[in-house]
2 protein chains.
Amino acid sequence: MADRKPIESTSTAQDPLKQKGLSVTGSRRKILQLFMQQKGALSHRDIEKKAGAVFDRVTIYRTLQTFLDKGIIHAIPSAGNAVRYALCQGQCGPGHHDHQHIHFICSRCKHTFCLDHSVTPDLHLPKGYQAQDIDVLVKGVCQQCSTTSK
Amino acid sequence: MADRKPIESTSTAQDPLKQKGLSVTGSRRKILQLFMQQKGALSHRDIEKKAGAVFDRVTIYRTLQTFLDKGIIHAIPSAGNAVRYALCQGQCGPGHHDHQHIHFICSRCKHTFCLDHSVTPDLHLPKGYQAQDIDVLVKGVCQQCSTTSK
DNA sequence: TACAAAAAAGCAACAAAGTTGCAAAAATCT
DNA sequence: AGATTTTTGCAACTTTGTTGCTTTTTTGTA
Ligand SMILES: [Mn+2]
Ligand SMILES: [Mn+2]
Ligand SMILES: [Zn+2]
Ligand SMILES: [Zn+2]
């Protein structure tokens, strides 16, 4: 007896990963935790840095893909080559994402935020175009940056 | 005399490149032409393929950057790693882009379109957030794909 | 038209981002 | 605790994007 401590599970069944039907591993725990500790969205690169050199790059890619598949995180498009990811709010699940909020990209601090209480507006599309999914990206100055300094 | 044919210039001054203050070169001509022949948006990759192996990859990157700077094309964000580009409509210029249209990404044919006569809607943002620029991305089925077949 | 100056293209080398197959390790199930 | 399934790490590779430098092309001017 004495040590063993498989992965440090609080109780057992109410693990958020378990609930989504995922096995609980160190990298998944850590990456999920990073998202939860974070106000803004994270890129693959951000995670690599924040996690330290503990996990392989490939593991991070695969974990992000798994989280996407299970409806735990969603991808936020970007010009430039830096897709970012953020936690889903609740109605998402395996193979099914449903987001109605706006994404805000601060041109000062460069962070990306989910504006959780915003709603994507109704759009008028030309005849023949059928919308399935809408992403609204707003670039500007975030709350933090517009109050802090200048 | 006989041949020389510097770059095949129709008349001289009314070249769209000249008008934007750019020198006229083979790659700029060709790439601009590709955009004009095209209904949808083009990625760097698309251009590489359509241009054949005539131009160096680096030249294409630099040409795209130049066109962006001069307000000739605009970048369309994307999840996944494939930023696309499309011609600007007119009010754009050096260091200044102003677009009010919606971008439509067809999940069937995978093409990206500028919906030129659409308008980005007014948004209600939380207090403290100041919008500078808005991108609306709609994923769905395009006109072509929704009439053609099925 | 010819020449000098300025700009762009091509090349090479590199950096960053993303993918795949496979063997070892860890998590789960019984 | 042991067998089974899943995930991880590693290596090798592809794709995408960047930078410095030299050669070539374009442009403006004589
Ligand atoms: Mn979001
Ligand atoms: Mn457009
Ligand atoms: Zn900010
Ligand atoms: Zn289509």
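First the proteins, then the strands, lettered A, B, ... as listed; each starts at 1.
Side-chain contact between A/Thr148 and A/Gln144 is present, with at least one heavy-atom pair separated by less than 4.5 Å.
Atom P of nucleotide D/dT26 and atom CZ of B/Arg29 are separated by 10 Å, given to the nearest angstrom. Protein atom NE2 of A/His44 is 11 Å distant from nucleotide atom C1' of C/dA16, rounded to whole Å. Atom CD1 of B/Ile47 is separated from atom P of D/dG17 by 11 Å (rounded to the nearest Å). Per the geometry, CG belonging to B/Leu64 stands 13 Å off P belonging to D/dT16, to the nearest Å. Summarising the geometry, the separation between NZ on A/Lys30 and P on D/dT8 is reported as 15 Å, rounded to the nearest angstrom. Between A/Tyr85 atom OH and C/dG18 atom P there is a gap of 7 Å when expressed in whole angstrom units. Spacing between atom CG of B/Leu17 and atom C1' of D/dT25 amounts to 15 Å, rounded to whole angstrom units. For the pair A/Gln65 CD and C/dT20 P, the computed distance is 11 Å after rounding to whole Å.
Screening residues 89-107 of chain A for salt bridge (Lys or Arg N to Asp or Glu O under 4.0 Å), with sequence neighbours left out, gives no hits. Counting only residues at least two apart or in different chains, side-chain hydrogen bond (donor to acceptor under 3.5 Å, both in side chains) contacts with residues 42-56 of chain A comprise A/Ser43-A/Asp46, A/Asp46-A/Arg84. Within the structure, salt bridge (Lys or Arg N to Asp or Glu O under 4.0 Å) contacts touching residues 112-126 of chain B (residues at least two apart or in different chains) do not occur. For residues 65-97 of chain A, every residue pair satisfying the ring-ring contact (aromatic ring centres under 6.0 Å, His included) rule, not counting sequence neighbours, is listed here: A/His74-A/His99, A/His74-A/His101, A/His74-A/His103, A/His97-A/His99. Note on residues 23-42 of chain A: no pairs pass ring-ring contact (aromatic ring centres under 6.0 Å, His included), not counting sequence neighbours. The salt bridge (Lys or Arg N to Asp or Glu O under 4.0 Å) analysis of residues 65-80 of chain A, with sequence neighbours excluded, yields no pairs.
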Once each nucleotide of nucleotides 1-14 of chain C is scored for protein heavy atoms under 4.0 Å, what B/S/- sequence comes out, 5' to 3'? ------SSSBBB--

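Overall bending of the helix from C/dT1-D/dA30 to C/dT30-D/dA1, expressed as the angle between end axes built from five pairs apiece, is 40° (10° steps).
With sequence neighbours excluded, the residues forming a side chain to side chain donor-acceptor pair (under 3.5 Å) with A/Gln100 are A/Thr120, listed by chain and number. Among residues two or more places apart in sequence or in another chain, the ring-ring contact (aromatic ring centres under 6.0 Å, His included) test is passed with B/His124 by none. A search for ring-ring contact (aromatic ring centres under 6.0 Å, His included) contacts involving A/Phe113 returns nothing, not counting sequence neighbours.
When all heavy atoms are compared, the tightest approach of A/Val141 to A/Cys106 is CA-SG, 4.0 Å.
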Which atoms of nucleotides 28-30 of chain D (N or O only) lie under 3.5 Å from a protein N or O atom, and what are those distances?
none

